[in-house]
Amino acid sequence: MSRGQTPDPDGFDSVLALVNDASARRVREKPAAPYDQEADGRTGDVRRAAEDPRATRPAEPRPGTVGGPPEPDGGLPEQDGAPAADAAPSRTEWPAEYGPEPPGPAHASPGGTRGTRPRRSSEAPGSAATSSDDAAEVRTPADAAGSATARATPTDAGAAAHGQRGARPTGRAATGWPEAVRVAGRAGQAVRERTSGVRPALELPLAEALGLVLARPLAALTDLPPFDTSAMDGWAVAGPGPWRVREEGVLAGQSGAALADGEAVPIATGARVPRDVTAVIRSEHGRLDAHGGLQPQREVVHGQDIRPRAQECRTGDTLLPAGSAVTPAVLGLAAAAGYDTLAVHARPTVDLFVLGDELLTSGLPQDGLIRDALGPMLPHWLRETGAEVRTVERLGDRPDALARALAASEADLVVTTGGTAAGPVDFVHPTLARLGAELLVDGVAVRPGHPMLLARTAPGQHLVGLPGNPLAAVCGLLTLAVPLLRGLAGAPLRERPAAGRTPGGSARPDVYETRRVQLSTGPLAATAPPGPEATTLAPTAVLDAPVPGHPSDTRLVPVRVDAGRARPLSFSGPAMLRGVAAADALVVVEPGGAHAGDQAELLALPWTGGGGGFT
Ligand SMILES: Nc1nc2c(c(=O)[nH]1)N[C@H]1C(S)=C(S)[C@@H](COP(=O)(O)OP(=O)(O)OC[C@H]3O[C@@H](n4cnc5c(N)ncnc54)[C@H](O)[C@@H]3O)O[C@H]1N2
Ligand code: MOO
C-alpha cells in the first residue's frame with residue numbers, strides 16, 4: 001500500500017460531517033434580554049419590573065449574586081440607581097453545582113435586544129440605560145478601534161490621580177477589545193523579531209523543551225515508519241496460501257530473510273516485514289495444520305496488516321510548523337522522527353508587582369483589609385501560559401517602590417495589579433509618566449477590566465497594568481498579557497472570525513460557521529491542523545443561554561463548556577472569582593449581547609487544555 005491510499009485515516013472528514021449536521025440542526029432559542037444594569041456577579045440582565053411584567057422579586061438575594069442588586073461599583077455606565085431587586089428575573093430549574101442561576105431563555109424579554117446599538121447621550125433621559133455616565137462612556141466602534149500610542153505625561157497622569165469618575169488619563173477613548181488583543185500580540189511579536197539576533201533560538205534536549213515554542217518547523221528526519229512494519233502479531237506470508245512456515249520468527253527490532261512465494265514466518269507487531277511479504281495474517285486468523293502448514297481462516301487481502309514505510313511521513317516532511325507549542329505529544333513525535341534536541345524560543349520573563357496596602361497574605365479579612373487573591377493566582381497562571389515568572393513582590397501603595405521596581409526590572413514583561421483607575425492611591429499612570437513610558441493601550445472597551453493598560457517601559461520591555469478587581473485582572477491577563485506573551489514566545493496569535501457584526505454590534509452566528517470544524521476535535525480545540533504556518537483559531541462554542549451585552553463594550557463571561565455548548569456561570573462580577581474558578585473558559589460577548597444558540601468565541605483557560613496558553 002502506498003502513502004495516501006487511506007482516504008481519511010483519522011476519520012476527520014466523517015467527524016466533520018457529523019458536526020456540520022448537528023450544527024445545521026441547532027435549535028435557535030430566544031434572543032438575549034436587554035442589558036439594562038450590570039448586576040455584579042450576574043451573567044444576565046436585570047430589568048425593571050415596569051419593563052417586564054414577568055419579573056418577580058427574589059427572596060432576599062445578596063448583593064452581587066444572581067437576582068441580587070448590583071454592587072454599587074459595578075463600574076458600568078447603565079447604573080441609574082434603580083433598585084435592581086425589583087428587576088430580578090423569575091426562577092427556573094438550575095443545577096445546584098453552578099450556584100445561582102444566570103438568566104436563560106425564560107428570562108429573555110419579549111422583544112430581546114440582540115443587536116442593541118450603543119446609546120448616545122442625545123437619547124431620551126430615562127430610557128433603559130441613559131445616564132450621564134452612559135453618555136460619557138459610549139464609544140463608537142471607530143473611536144474604540146484606535147490603537148494610537150500616547151506618552152503618559154505627568155499632566156495626564158495627574159488628572160487620573162485626581163480621580164474624575166470615568167476620566168481617562170490621556171483623554172483618549174478606550175481601545176476596542178479585539179484591537180487591544182491585536183496590539184498586545186503584535187507588540188510581543190515585534191520585540192521577538194527585533195531581538196532574534198541577540199536572543200537566538202535555544203537548542204535544548206527534548207525533556208527541557210517541554211512547554212516552550214518551536215523556533216523552527218519540525219521536519220521529519222526519517223520516514224515514519226522507517227520500514228515496512230507488521231501491524232499485528234501473526235505470520236508474514238508471501239503469495240497465496242497455504243504456506244510452509246519457517247521455524248525462526250521475526251521479532252520487533254529484527255530483520256528476517258526474504259520469503260519465497262508459499263512461505264510464511266512468525267512475526268511480532270512492530271517487526272520489520274521481510275522482503276517479498278505480501279500480507280500479515282493475525283495469529284487469531286490462521287491455523288497451523290498437522291504438517292506445520294499455515295491455513296488462513298478468512299480471506300487474505302494483499303498488504304493487510306502491513307504498515308508501509310513512510311505511511312505517516314517522509315523524510316523532510318513538515319510535521320509541525322514553527323510556533324507550535326512543545327507538548328508531551330510533540331516530544332514523542334520529535335523523538336519518533338529522530339530528534340535528540342529541539343530549537344525553541346526561550347520563555348518570556350515576567351516580574352509581577354502586586355499593589356495595595358489593603359492586602360493580607362494570610363488569615364481572615366479584618367478591619368477593612370482583604371486577602372490578596374492575585375498574588376497566589378497570577379504567577380501560576382502566567383507560568384501555565386508559558387512565561388518564566390522571576391519576581392513576585394508586594395509593593396503596597398508606595399509609588400516610589402513601584403518606580404524603583406520598574407526601573408530595576410529586566411523582565412520582558414512587568415505585570416502590576418491594582419492602581420489603574422482614578423482613586424487617590426491609583427498611581428500606576430503617574431509612575432509610568434515619571435518613567436516616560438509609552439502607553440500603547442490605555443483602557444479597553446471590555447467589562448470587566450476596562451481600566452487595564454499596556455505600556456512600553458523600555459526598549460524590548462512592556463508593562464501590563466491589571467485592574468485590582470480580581471475578575472477584571474483575569475480579563476486583563478487574557479486580553480493583554482497572554483497575547484503579548486504569545487507574541488514574545490513566538491507562538492501564533494489567535495485568529496478571530498474575520499468580520500461580522502450585525503448593525504447593532506452583536507455577533508452573527510454565520511460569521512462563526514467556518515469554525516465549526518473545531519468542534520470536531522473537542523469543545524476547546526484551538527490549534528488548526530498542521531500546515532505550513534502555525535495558526536491558532538479562536539475556539540468557539542454554542543451558547544446555552546442568552547447573554548445580555550454591554551451597549552458599547554465587549555463582555556467576558558465565565559462559562560462551563562460541555563460538548564461544544566457554553567453555559568454562562570453566576571458570580572461573574574468584576575470583584576468575584578467564584579464564577580471563573582468553576583469555569584472552563586470565558587466567552588466573548590460582543591457589544592449588544594448574544595442569543596442562546598449563537599456560536600461565540602471562547603478564551604480558554606490554560607488548565608482546560610484548550611489554548612489558553614501557548615498550547
Ligand atoms: N472613579 C472611578 N473609579 C473606578 C473606576 C472608574 O472608571 N472611575 N473603575 C472601576 C473599575 S471598573 C475597576 S476594575 C477598578 C480598578 O481599580 P484599580 O485597578 O485602581 O484597583 P484598586 O483600586 O487598587 O482595587 C480595586 C479593588 O480590587 C481590590 N484589589 C486590589 N488588588 C487586589 C488583590 N491583589 N487581591 C484582591 N483584591 C484586590 C481592591 O481592594 C479594590 O476593592 O476601579 C473602579 N473604580
Ligand atoms: O468593573 Mo471593572 O469593569 O474593570 O472590573
Side-chain angles (χ1 to χ4, degrees), residues 37-42 64 70-79 132-134 136-137 157 159-169 173-174 177 180 352-362 365 367-379 381 392-399 402 415-432 442-453 463-480 550 552-558 572-580 586 589:
Q37 298 182 7
E38 165 83 342
D40 195 9
R42 302 172 45 114
E71 288 188 348
D73 64 347
L76 290 160
E78 293 76 16
Q79 286 186 2
S132 54
D133 277 352
D134 191 10
E137 293 269 340
H162 287 105
Q164 293 159 319
R165 175 162 170 72
R168 298 201 176 278
W177 182 80
L352 172 65
F353 301 127
V354 176
L355 311 181
D357 277 346
E358 75 278 30
L359 302 175
L360 297 169
T361 53
S362 62
D367 303 329
L369 305 177
I370 58 163
R371 283 290 296 274
D372 169 20
L374 299 176
M377 173 174 78
L378 293 175
W381 199 315
V392 181
E393 268 188 78
R394 289 181 175 77
L395 300 179
D397 283 326
R398 293 176 292 132
L402 177 62
V415 175
T416 60
T417 66
T420 60
V425 288
D426 291 341
F427 51 81
V428 172
H429 281 98
T431 307
L432 290 174
D442 188 12
V444 176
V446 66
R447 306 288 166 149
H450 76 95
M452 67 177 76
L453 61 88
L463 176 142
V464 168
L466 301 177
N469 278 327
L471 187 60
V474 167
C475 294
L477 184 78
L478 297 177
T479 301
L480 297 176
H550 186 278
S552 57
D553 293 358
T554 300
R555 291 187 73 200
L556 302 178
V557 178
S572 56
M576 297 178 173
L577 291 175
R578 190 170 162 184
V580 72
L586 301 194
V589 179

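A quick note: this is a predicted structure, and the numbers were derived from the prediction, not measured. One-based numbering, in listed order, for ligands and for the atoms of each.
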Self-check item: Contact with ligand 2 for Pro451, non-hydrogen, under 4.0 angstrom
Solution: yes
Self-check item: Taking every non-hydrogen atom, the tightest pair across Pro451 and Thr420
Solution: CB-OG1, 3.3 Å
Quiz prompt | Gap separating the CG atom of Leu586 from the CG atom of Leu556, nearest 0.5 angstrom | solution = 6.0 Å
Self-check item: Polar atom proximity, Gly419 to ligand 1 (N or O, under 3.5 Å)
Solution: yes
Self-check item: Location of contacts on Asp426 toward ligand 1, heavy atoms closer than 4.0 Å
Solution: side chain
Practice problem: Would you mind running through ligand 1 and noting each atom that sits below 4.0 Å from a heavy atom of Asp372? | Solution: 34 (C), 35 (N), 36 (N)
Quiz item: So which heavy atom on Pro379 is nearest to which on Leu374, and how close?
Solution: CD-O, 3.9 Å
Exercise. Take Trp381 and Leu478, measure what side chain to side chain contact (heavy atoms under 4.5 Å, CB included) needs, and give me the verdict at the end.
Key: CA-CA 10 Å; Trp381 199 315; Leu478 297 177; 4.2 Å; yes
Quiz prompt | Contact check: Val446 vs ligand 2, nitrogen or oxygen atoms, below 3.5 angstrom | solution = no
Self-check item: Derivation of the side chain to side chain contact (heavy atoms under 4.5 Å, CB included) call for Leu453 and Leu432
Solution: CA-CA 11 Å; Leu453 61 88; Leu432 290 174; 3.6 Å; yes
Exercise. Check ligand 1 against His450 and write out every atom of the ligand that is under 4.0 Å from a heavy-atom position of the residue.
Key: 7 (O), 9 (N), 12 (S)
Quiz item: Hey, which atoms in ligand 2 end up nearer than 4.0 Å to a heavy atom of Pro574?
Solution: 1 (O), 5 (O)
Quiz item: Side chain or backbone of Pro448 under 4.0 Å from ligand 2, or both, or neither, by non-hydrogen atoms?
Solution: both
Quiz item: Hey, does His450 come in under 3.5 Å of ligand 2, counting only N/O atoms on both sides?
Solution: yes
Quiz item: Do you know the tightest heavy-atom contact between Gly449 and Pro467?
Solution: O-CG, 3.7 Å
Quiz item: Where is the tightest heavy-atom contact between Pro448 and Leu471, given as atom of each residue plus distance?
Solution: CG-CD2, 4.0 Å
Exercise. Please work out which of Ile370, Leu360, Val354, Asn469 has its closest non-hydrogen atom nearest to atom 14 (S) of ligand 1.
Key: Asn469
Quiz item: Side chain, backbone, both or neither: which part of Val428 has a heavy atom under 4.0 Å from ligand 1?
Solution: neither
Quiz item: Is any N or O atom of Thr420, backbone or side chain, closer than 3.5 Å to an N or O atom of ligand 1?
Solution: yes
Practice problem: Find all atoms of ligand 1 within a distance of less than 4.0 Å from any non-hydrogen atom belonging to Pro467, and give their numbers and elements. | Solution: 14 (S), 16 (C), 19 (O)
Quiz item: Do you know which two heavy atoms are closest between His550 and Arg555, and how far apart they sit?
Solution: N-CD, 3.7 Å
Quiz item: What distance separates Thr479 OG1 from His450 NE2, expressed to the nearest 0.5 Å?
Solution: 13.0 Å
Self-check item: Contacting atoms of ligand 2, where contact means under 4.0 angstrom from a heavy atom of Gly449
Solution: 2 (Mo), 3 (O), 4 (O), 5 (O)
Self-check item: Taking every non-hydrogen atom, the tightest pair across Ala174 and Ala445
Solution: CB-N, 3.7 Å
Quiz item: Taking Met377 as the fixed residue, which of Val580, Val474, Leu477, Asp372 is the one that meets the side chain to side chain contact (heavy atoms under 4.5 Å, CB included) rule?
Solution: Val474
Quiz item: At a 4.0 Å threshold, what atoms of ligand 2 neighbour a non-hydrogen atom of Ala472?
Solution: 4 (O), 5 (O)
Quiz item: Hey, which atoms in ligand 1 end up nearer than 4.0 Å to a heavy atom of Ala373?
Solution: 34 (C), 36 (N), 37 (C)
Practice problem: Check whether any heavy atom of Arg371 sits under 4.0 Å from an atom of ligand 1. | Solution: yes
Quiz item: For Ala421, is at least one N or O under 3.5 Å away from an N or O on ligand 1?
Solution: yes
Quiz prompt | Gap separating the OG1 atom of Thr416 from the CG atom of Leu466, nearest 0.5 angstrom | solution = 6.5 Å
Self-check item: Of the listed options Pro365, Gly368, Pro451, Ala575, closest to atom 11 (C) of ligand 1 (non-hydrogen atoms)
Solution: Pro451
